[in-house]
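Some notes on the structure that comes next.
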Amino acid sequence: MNTTKAVARNSDATTLISHGTEIHGDVRFHGSMHVEGRIVGDVVSDDGVLRLAEAGSIEGDIHAPNVVVNGKVKGNVYATERLELAAKAEISGNVHYALIEMVMGAQVNGSLEHMPKLAETKVSEIPLKNKDTKKTADKGRIEKQVMQVEVEGN
């Protein structure tokens, strides 16, 4: 038996991104992930639970079956099973969910889209965006232009 595969697929595994930790790049995880730090990139899981603490922030899209938000998200959220928005949740982006629980005080600056068939979809089947950043000069100023290209699934 390959123990590496057994550990990677263990749903009891917990990943902690602690306060003061900053990650730049996409993150894929199995099991549970608790974020108290900052992630700049997409967070993806086919079978996990993402918990974003009050002090935590994610700048990118979230794709996971179960998501609990009590921090800040700048990006879209795709919760294929259940989404819980706690009192300090702040989401700047669209929210796609199968089931949602929202506590008074939670903020969503974007659309809420109920997608009951989302629960039947694996996260890996949802098209992810490829973000390409290009700098251009505009009368001595440098501005970022983010081009979002939709990648079609197989």
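Along the sequence shown, residues are numbered consecutively beginning with 1.
Evaluation of the ring pair (Phe, Tyr, Trp, His ring centres under 6.0 Å) rule for H114 yields Y97 as partners, not counting sequence neighbours. For T15, the side chain to side chain donor-acceptor pair (under 3.5 Å) criterion is met by no residue, not counting sequence neighbours. Listed by chain and number, the residues in a side-chain contact (heavy atoms from CB on, under 4.5 Å) with V103 are A87 (sequence neighbours excluded). D26 pairs by the side-chain contact (heavy atoms from CB on, under 4.5 Å) definition with D42, not counting sequence neighbours. Partners of R51 according to the salt bridge (Lys or Arg N to Asp or Glu O under 4.0 Å) rule, which considers only residues two or more places apart in sequence or in another chain, do not exist here.
Linking ILVMFWY side-chain heavy atoms closer than 4.5 Å, directly or via other members, places L50 and V108 in a single hydrophobic cluster. Hydrophobic clustering (side-chain heavy atoms under 4.5 Å, transitive across Ile, Leu, Val, Met, Phe, Trp, Tyr) keeps V68 apart from I62. V49 and L99 fall into different hydrophobic clusters, defined by Ile, Leu, Val, Met, Phe, Trp and Tyr side-chain heavy atoms under 4.5 Å apart, directly or through other members.
Residues P65 and S45 approach most closely at CD-O, 3.3 Å, considering heavy atoms. The two residues A53 and E36 come nearest to each other via the heavy atoms CB-CG, 3.8 Å. Residues A106 and L85 come closest through the heavy atom pair CB-CB, 3.9 Å. When all heavy atoms of A98 and T80 are compared, the closest pair comes out as CB-O, 3.5 Å.
Not one N or O on the side chain of D47 forms a donor-acceptor pair closer than 3.5 Å with the backbone of H30.
The shortest distance between side-chain heavy atoms of H34 and I17 does not fall below 4.5 Å. Inter-residue side-chain proximity for I23 and V40 is flagged as unmet; no heavy-atom pair is nearer than 4.5 Å. Residues V95 and N76 are not in side-chain contact: their nearest non-hydrogen atoms beyond the backbone lie 4.5 Å or more apart.
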Derivation of the side chain to side chain contact (heavy atoms under 4.5 Å, CB included) call for V27 and M33: CA-CA 10 Å; V27 177; M33 184 161 79; 4.0 Å; yes
Evaluation steps, side chain to side chain contact (heavy atoms under 4.5 Å, CB included), between I91 and V77: CA-CA 8 Å; I91 298 177; V77 177; 4.1 Å; yes
Derivation of the side chain to side chain contact (heavy atoms under 4.5 Å, CB included) call for I58 and L52: CA-CA 8 Å; I58 296 175; L52 180 62; 4.0 Å; yes
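Atom-to-atom distance recorded for E84:CD and M102:CE is 12.0 Å, nearest 0.5 angstrom. In this structure, NE2 in H19 is found 11.0 Å from CD in E54, a value given to the nearest 0.5 Å.
Pairs of residues two or more places apart, or lying in two chains, that qualify as side-chain hydrogen bond (donor to acceptor under 3.5 Å, both in side chains) and include a residue from residues 99-110 are R82-E101.
With respect to E59 and K72, no salt bridge is recorded, no charged nitrogen being found less than 4.0 Å from a carboxylate O.
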